[in-house]
Number of protein chains: 2
Amino acid sequence: MTLDDLDKTGAAQLSRRERQIMDALFEAGELSAQDVRAAIPDAPGYSAVRALLAKLVEKKIVDFREEGPRYIYFPVVAQEEARISALQKMLKTFFGGSTAAAVNALLGMNKEKLSSEEIDKLQQAIDSAAKAETSARQQ
Amino acid sequence: MTLDDLDKTGAAQLSRRERQIMDALFEAGELSAQDVRAAIPDAPGYSAVRALLAKLVEKKIVDFREEGPRYIYFPVVAQEEARISALQKMLKTFFGGSTAAAVNALLGMNKEKLSSEEIDKLQQAIDSAAKAETSARQQ
DNA sequence: AGCATTATGCTAATAATTTAGCACCACCAA
DNA sequence: TTGGTGGTGCTAAATTATTAGCATAATGCT
């Protein structure tokens with residue numbers, strides 16, 4: 001198994017429009033065709049968006065449920081799985097696989113945005129990582 | 001300006017193969033055509049890879065320098081810019097823009113991989129973020 | 001020198017993607 | 001009922017992406 005096998009979103013194989021649509025679906029969780037159209041850049045017509053969605057459904061990357069007369073589309077892969085997959089891919093591509101480098105970059109980017117509650121949570125996560133490191137060293 | 005304008009890598013507009021190649025270039029920093037070919041999944045022939053690279057050069061997304069008889073290709077956008085851009089895009093798509101959620105996910109993913117040195121660095125980054133939060137609150 | 005290997009410039013054929021449009025349906029208001 | 005609005009199923013044409021191959025050049029080895 002290679003790291004590519006961790007790509008649960010299958011993003012590496014998506015065409016330009018497919019990828020735009022998947023990003024929109026992951027961001028929102030689920031969307032109607034019309035909302036997908038509103039969410040993607042330089043959107044084509046409604047029927048073009050539907051044809052693209054139909055293709056993704058055919059490929060079993062996207063599924064839909066009916067809500068009255070309209071279809072609500074959502075990614076087949078679970079949200080949490082997609083997150084992890086995207087994180088790993090980004091680590092590999094831009095941070096040489098280093099979690100610490102990525103976290104540092106994240107924190108450096110958004111200093112003014114963290115609430116005290118969020119900082120507490122982060123502190124807990126660091127403490128937890130530190131404990132895991134300590135026990136790993138003792139083994 | 002929208003968040004899409006922060007996409008310095010221009011990834012949203014890349015075709016399937018273009019994106020694979022850009023990922024390989026960002027990961028490695030720079031690559032020969034042959035190495036690009038080795039780095040992308042289900043690679044076509046050498047001349048196909050070169051044609052794709054030529055297209056990216058034409059679009060000014062990639063540039064190259066000559067090293068003896070061979071060309072070494074590299075992304076035009078700076079590494080650091082690409083990192084930040086990718087991070088922001090990922091935050092937006094998978095974490096509702098929340099840095100804290102992303103950091104938590106990162107730390108939860110790789111508990112056993114952090115060295116004590118890395119943990120110290122993370123602690124400093126958190127402390128720094130905490131200080132920024134405190135001063136923001138006092139203003 | 002000759003040959004093999006490795007490289008680029010360029011092209012066009014092939015495949016895939018993207019797109020719009022027709023036909024039809026359901027619902028609602030006048 | 002009619003017309004408008006909003007929806008899907010399906011298709012094929014237009015556009016773009018992908019691919020391999022020819023011609024040429026450079027390098028290294030025998």
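Every chain is numbered from 1, with letters handed out A, B, ... down the list of sequences.
The nucleotide range of DNA chain D contacted by chain B, defined by atoms under 4.0 angstrom from heavy atoms of the protein and reported 5' to 3', is D:dA17 to D:dG21.
Shown here are the side chain to side chain donor-acceptor pair (under 3.5 Å) partners of A:R37, two or more places apart in sequence or in another chain: there are none. The side chain to side chain donor-acceptor pair (under 3.5 Å) check on B:D35 picks up B:S32, with sequence neighbours excluded. Residues that satisfy the salt bridge (charged side-chain N to carboxylate O under 4.0 Å, His left out) test with B:E66, not counting sequence neighbours, are absent from this structure.
The pair B:E81-B:R83 does not meet the salt-bridge criterion, since no charged nitrogen lies less than 4.0 angstrom from a carboxylate oxygen. A salt bridge does not link B:E58 to B:K60: none of the charged side-chain nitrogens sits closer than 4.0 Å to a carboxylate oxygen.
Counting only residues at least two apart or in different chains, salt bridge (charged side-chain N to carboxylate O under 4.0 Å, His left out) contacts with residues 12-24 of chain B comprise A:K89-B:D23, B:E18-B:K59.
Between A:F26 and B:F94, the ring planes are tilted. Angles from 30° to 60° get that label.
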Original post:
Once each nucleotide of nucleotides 3-19 of chain C is scored for protein heavy atoms under 4.0 Å, what B/S/- sequence comes out, 5' to 3'?
Top reply: ---SSBB-------SSB
